[in-house]
Structures are given as structure tokens and as C-alpha cells.
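Shown next, in C-alpha cells, is the structure this report addresses.
The figures here come from the full heavy-atom set of this structure, side chains too, leaving out hydrogens, waters and symmetry mates. Proteins come first, then strands; the chains are lettered A, B, ... in the order of their sequence lines, and each starts at number 1. A quick note: this is a predicted structure, and the numbers were derived from the prediction, not measured.
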2 protein chains.
Amino acid sequence: MHSTRRAETFPANTPAASQVFTTVLSHGPLTRLEAARRAGLSPAAVTKAVRPLIEAGYLTEDADAEARPTLGRPANPLRVNGGRALFIGAKVTGDEIIGVLTDLCCQVRISRHVPLSAPDPRAVLAALAALVQDLMTEAHGLGAGVLGLGVAVSGDVDRGAGTVRYSPFLEWRDVPLAELACTTTGLPVTVDNDVRALTVAEQWFGAGVGLSDFAVVTVGAGIGCGLVVHGRVVAGAHGVAGEIGHVTVDPAGPPCHCGNRGCVEAIAGDAAIVRQVREATGLTVADTGDALALAHRGVAGAREVYARAGAAIGRGIATVANLLGPERVIISGEGLAAHDLFAEQIRDAFGAAAFGSAARCDVQTRPLPFEQWARGAAATAIQSFIRADEQRPGR
Amino acid sequence: MHSTRRAETFPANTPAASQVFTTVLSHGPLTRLEAARRAGLSPAAVTKAVRPLIEAGYLTEDADAEARPTLGRPANPLRVNGGRALFIGAKVTGDEIIGVLTDLCCQVRISRHVPLSAPDPRAVLAALAALVQDLMTEAHGLGAGVLGLGVAVSGDVDRGAGTVRYSPFLEWRDVPLAELACTTTGLPVTVDNDVRALTVAEQWFGAGVGLSDFAVVTVGAGIGCGLVVHGRVVAGAHGVAGEIGHVTVDPAGPPCHCGNRGCVEAIAGDAAIVRQVREATGLTVADTGDALALAHRGVAGAREVYARAGAAIGRGIATVANLLGPERVIISGEGLAAHDLFAEQIRDAFGAAAFGSAARCDVQTRPLPFEQWARGAAATAIQSFIRADEQRPGR
DNA sequence: AGGATTAATTTCCGCTGTCAATAAAAGAAG
DNA sequence: CTTCTTTTATTGACAGCGGAAATTAATCCT
């Protein structure tokens, strides 16, 4: 995270305070006693930790009039005051930037698309600045300040340093994006890999809440994977992890741009599906919309392509499950528009290839609008804001 | 870990003490200042933490006469007093138990093999008791007490509960091994999966020292994998992880006992190699020794089998590297006897299938005598002893 | 009005690790 | 041979965090 100006800071001085806040953020309204239990603290600690947070307006206590027990002093459930702070999340793709304005609870308030003429850093930065400007003026009407900007980019991103080390899609190398964006927008900036950002959103606000080991698999132009192990998102020693897209599922399969054959992505990625449907049907197939339409119209060749894609994805997920034994795998991404065409095959292939207890892993599909990518970026900004001065416990 | 008697406990009451001890254990002799830096503590904290450990004889300070700087007060490097305590590690296989007596530094002092008539829990427990008895009498001559027993078993093991949930090799289900072994031996017992145990040994005493993300891949009867992510061994939500053996590398490959085709194990496992060499040469091949001999004699068919095995292993490792981005992969196991026959293919296949920065992962081969499996078990016992009352930070 | 019951808070206390100052153990310099 | 310099280790005062137990608060029940 980078920031120049003296930005508003989060008044969670102690580990316990940060812990409690995160717990309440993820687990909805909680009484102090429940929060204490969940965070592994004493009630007294919660009371102390919570006071400055309430005073600063980040937490509120609302005696929930309904649903109260018949006996004893009624509880004052704590909840995060979403409207207290706003964040901007932006996802940069090859041809556009998707931006969202979210509140502290990562609820999307406003979303915007900005087309990109060229994906070079200069143009992206200009578009990003305009986008942020736009969203910040909108934010004025909401009565809260924008406290951070998260940017999600595909590829090798060093979140700690705030730099994009290498993004094949954008053809960037060693771009200090956080620093640049910070100087143009004046906001504290967090830069992270797009799939990891989405994983953070799921971990704090989605289907990964409360789980210490799970995976997010995204299906779309590429096949990506975000991993949470021991309660933390895996970044890998070299900043890259979760490359499920290039797991080989069939050495005799179609060639992949990565140089191998039969990668998941070469079978189930958008481009691969379009190509395969075209070859199978002999018809004109311009994009995944066309491919999908053909399959939905019942064209056998197209359906088979999706079935094979599902099997490839299922086998890729089984590989993750076999290696890491996650509690849950969340399948998501635009590719899920074809959900009905390959969900069964995913499940079957997973079941066949998952070994022993790994098969007990809960595989969920979670269709997700494209703006969720930008929401993931906002989630990283929220995370950075809350943990502003926290250190990672190395070791 | 299970223990009935009041056993000797480790005087590291505080987190810092445990931290410092572990640091010195892994990083050899260290001055207090170096230890403080490495453990992220103040020198004062090290002094305080270290005192009871020295008094109890677990640490010693030896002014290293040689190699001292020319100026200033000479340092008193701290080192672990290996001879202070002894541990027993045992690896249970289908037909024998390998046991080792190690010191606190996990140096093997004595090793023993005990044949097993049948792998049912009764027989194993009897053999284990005899083995422990034997090693404990040997231990008397070494002037230190045996403070723990570690047992390594393949399959699904719940270390926390001390039970073997399911071991296909031994055909065990839900055997409370720690409890049983504790009552027969009177020692505190730690039970863990064999590959994870080996991984712990590498993490604390081997090629994984100082790394927060690495993998151990074992090649032998099966192909196993132990993972360390965020500095902790991965156990998986359901107690199973690291099943690299059943990663599919060739859907058209030979069938595997797991029900799929072309698993790494079905190509590079001992049984697969023996079968394939037999088929390729038409000769009598009883075991891996025969297969190895043929290959070393230059029989083309046999050499090809090993080459294919190497490629399969390399691809499996690449999958791990792509998913987790480890800093290092340590290849080990009895199968490395064929190291010269497939090391090149492992490297080539890894290089071809590793994507982007994942290729920067350092792949090492580390031939390891079979008794190292038992040493891994001892390492888990040492770990349990040192962290006797520590809790895992869930979340 | 006075229990009964559950929630939250307060007060006090112990413990851990840091800070800054100090002691220790040498060689170097005069 | 004393004193200075340099580096390592220790000491003692101190601050902060979180916990235990007692206390207060808020409500319903009798």
C-alpha cells in the first residue's frame, strides 16, 4: 500500500481490536459475548477494544428490537457501520477498467465502466484517474469519505511493494502502480492480483467466511485460482500461485499459448471454447455468446465442447483438492454463464479424480457479475485500511 | 499427542522462549544478538527466555575459541545441547517397523528394523513396544532420558487426536494409535502421516530450514508430497493433503489402483515401474532392484520406463509449483536410487510445465536412506515436546 | 417490589516484551 | 599498565495488553 498524504487511519491500535472488528465485519451483527467467543478473547477485551471503534463511528450497537430472548438483559449487537467509509475498487483488463464504489462492508454502491484505448500504463493511469474522480464526486452525495483505492490486475503482482511485476495480458513489466496511482489520486492504494483480490472478498464477505482453507476457481478468459491456506491468502514465494489454468489434464489435448498441451485453459478458457465450437460445428462463432447460443440451441458438437470443458475444470479442481484438502472450492467467473452446460461434468470429473477424503470437499458454483472483480479490489483496499500498521507474522 | 504419566516438560513457558529455542535448533549456533534478530525479538527478551533453558540443560553456551572477531566482547554462541534428551521415531510399513533413537537435535544415534508378521494394530503395537523397549535400554548408555515417541504411518492421520483415521496400506480405520502406544510404552506419543513427518524433519533440520513455503516430494512405492505454506505444514481440512501421487499426468496412461488413469503413481511408483519394465523387456522383473539393474545395464526398454517416470514426476512437481509457488521442492525417497536415470527428465518436464515465475522454484534432489522416515517421526515427537502447551492459532 | 437471568463493564492484576542504561570482555592505544 | 574503544550481554524500570472476578445494567417473571 502506498500513500503520500496523511490519510484517515483506523483506530484499531491493538491486535485484539483488529481481530474483533474483522470478526464483526465477516460474521454480521454479534453481541459482545459472541464476538469474544469467536475471536477467542475475553468479554472484557471486547468491551475495551470496541469502545474507540464505536466512538469513531466504525461500529454501531443497535438493540435489535425483534428476535430477543425472553429472559435477561437484552444484548446490544455490534455491527459495522458500512456508511462510515467508502472505498473504490478497480479491475484493469485489456480493454476497459471496471470501477466500483463500495462502503466499508464492501457493498457496491455505484459501478462504472471506462473503455481503454490502449493498455499501456500511461493510458490506464489516465483512465483510472478519471474513474476515481468520477466516483469520488458521486461519493460526496453519500456523506462519507473515500479512504482507499484497490486496483486488481492479472499476472504477477507484488502487493507489498505495490508493483505489477509482470502482466502478460497488459504487457506490463515492473510498473510501480500503487505509487503512480497514489500520486494521481491522492488515495492510499493497494494493488493486488485479480484472483487473489476476489479471494479476499470471498474470505471476508463471501462463501469463504469462517473457513481457514478454501479455494476460489475462476472460469472465463483464463482459468484462475485463489487459495487460502491456514487462514491466509497464498501469494507464493515468487508472487505467483494458483496457476490452475496451466495444470495439464490431457497431454494429447490442444496446444496452449503457454507452450504445453492440454492445459485446463486450453480446453475450458473462453478462446479455447470458441475455437473448439467453431471446429466442431463448422459454423461462424465470434465469441462465447455465439458458442453458448449454439450449445443452448442443442447443437451436439457445441454441447460436447462444454462437456469436455467441464470435465477439464473438474479435474483441475480435483488436483487442487488432492494437494491442499480445502474445505470448500468456490467456482466463479463469467464462464459460469455456461453453468447449466457443464456443472454436472465438473462434479463428475471432480468426484472421479478426487482421492479419498479430498472428495469430501464442498464444491460450490457461484455465478458472479463481472463487477465483482472490481469489488474484490475494493476488498483489498478495505483490508489494507483495517490492517494499516499490522505486520505479517513471518516465520 | 497423548501421555498418561507426568512426563518431563520443556521449560519454554513463553512464546518468545519457544521461538528462540526453535530458531537456535534450526539455525545452528547463534549469538544472542543474532538469535534476537532472527526471531524478531529484542536482545533482552532473548536473554530472559534463554536463562531457564540453559539452567535446564537444553541450551549451552560455548565461547567458540576459533573464528572470533578482532574487536569487542566475544560472543557466546547458543547451541542446543543435543545430548540432553532422546526421542524415538518409528515408521510403520506393511511388513516392518523402522525405529530410530535420536537426540534433541534429531541426530540419529541408533536405528533398528523389526519385521512385522501382519499389519493389524495388535501385532504392530506389540512390535512397537518391543522396539521401544530395545531402544530405551540402549538409551540408558547415553545418559539421557527418552522424552517422546513419534510414530509415522501412511494415510489419513489426525495428529491432534492421535488417531489413524484410514490407512489403505495397513488397512486400518480409526485406530487411536497415540493412546494405545502411550499405554504400552508410557511415553508421550505423537502420531502423524509419514510424509508430513518427513516434511517436519526437513523444515526444522533439513533443506527446508528458514523457508516459509516449500514442498517435499517422495518417490518410492507411492508418490507423496508434504507441503509447507506460510511456515506451517499443510494438513488439509479433512486431514489429507499432498496427494500428488494421483495427479493425472496422462488420461490415456496406465490405469491406477485409485480408479483413474495416468496418475503420477501409476507411471512412476515402484509397482508401476516394475510392471512397465517387465512389459517393455519381456524379462523377469521381480522388484525395483531388477528394474534398476536392467536400466543400468543399458536395456533400452527399461531406460525408457525410467525416463517416462521422470517426466511424470517433473510434471507433478510443476503442478505443485504452479499452484503454490514454493521457494523450493525437495525430491526424496527410496525411488531416488534411480536418480541418475531420470533426474534430467524431471528437470526438463518441470521446466516445460512450470509457468512463469513458478519456474524459479529451486528443485533439489536429496537421496535419503530409508531410516529417514523414522527420523521424521522423531522430529514430530521433538516438535510436540517443545510445543507441549502451545495452541494453534486457528482463524 | 424482589428475584432470576443474561449482558456488559469495571477494576485490579499478572505477565510479556521493550527501552535505555549498564556491565562485561576483550583488543588497541597511549 | 592503564584507559579507550568496540561489541556483546544483562539489568531494572516500565508500559500495555488481555484475563479473572466482582459489579452494574437491563429486562422478564412471580
Non-neighbouring partners of A:Arg366 that pass salt bridge (Lys or Arg N to Asp or Glu O under 4.0 Å), sequence neighbours left out: A:Glu202

Residues forming a salt bridge (Lys or Arg N to Asp or Glu O under 4.0 Å) with A:Arg84, sequence neighbours excluded: A:Glu8

For the pair made of [atom1] in [X] and [atom2] in [N], what is the distance, rounded to whole Å?
X       : N      : atom1 : atom2 : value
A:Glu61 : C:dA8  : CD    : P     : 8 Å
B:Ile54 : D:dT10 : CD1   : C1'   : 12 Å
A:Arg32 : C:dT10 : CZ    : C1'   : 14 Å
A:Leu33 : C:dT9  : CG    : P     : 10 Å
A:Leu71 : C:dT6  : CG    : P     : 6 Å
B:Leu30 : D:dT8  : CG    : P     : 13 Å

B:Phe21 and B:Phe10 aromatic ring geometry - parallel, tilted or perpendicular at 30°/60° bounds: perpendicular

Sequence-aligned protein contact record of nucleotides 15-25 of chain C, with B where the base is within under 4.0 Å of a protein heavy atom and S where only the sugar-phosphate is: --BBB---BBB

A:Arg51 vs C:dT10: side-chain N/O to OP1/OP2 distance below 4.0 Å: yes

Between A:Thr22 and A:Arg387: side-chain donor-acceptor atoms closer than 3.5 Å: no

Test item: side-chain donor near acceptor, B:Thr380 and B:Gln383, under 3.5 Å: no

Lys/Arg-Asp/Glu bridge criterion (N-O < 4.0 Å) met for B:Arg79, B:Glu61: no

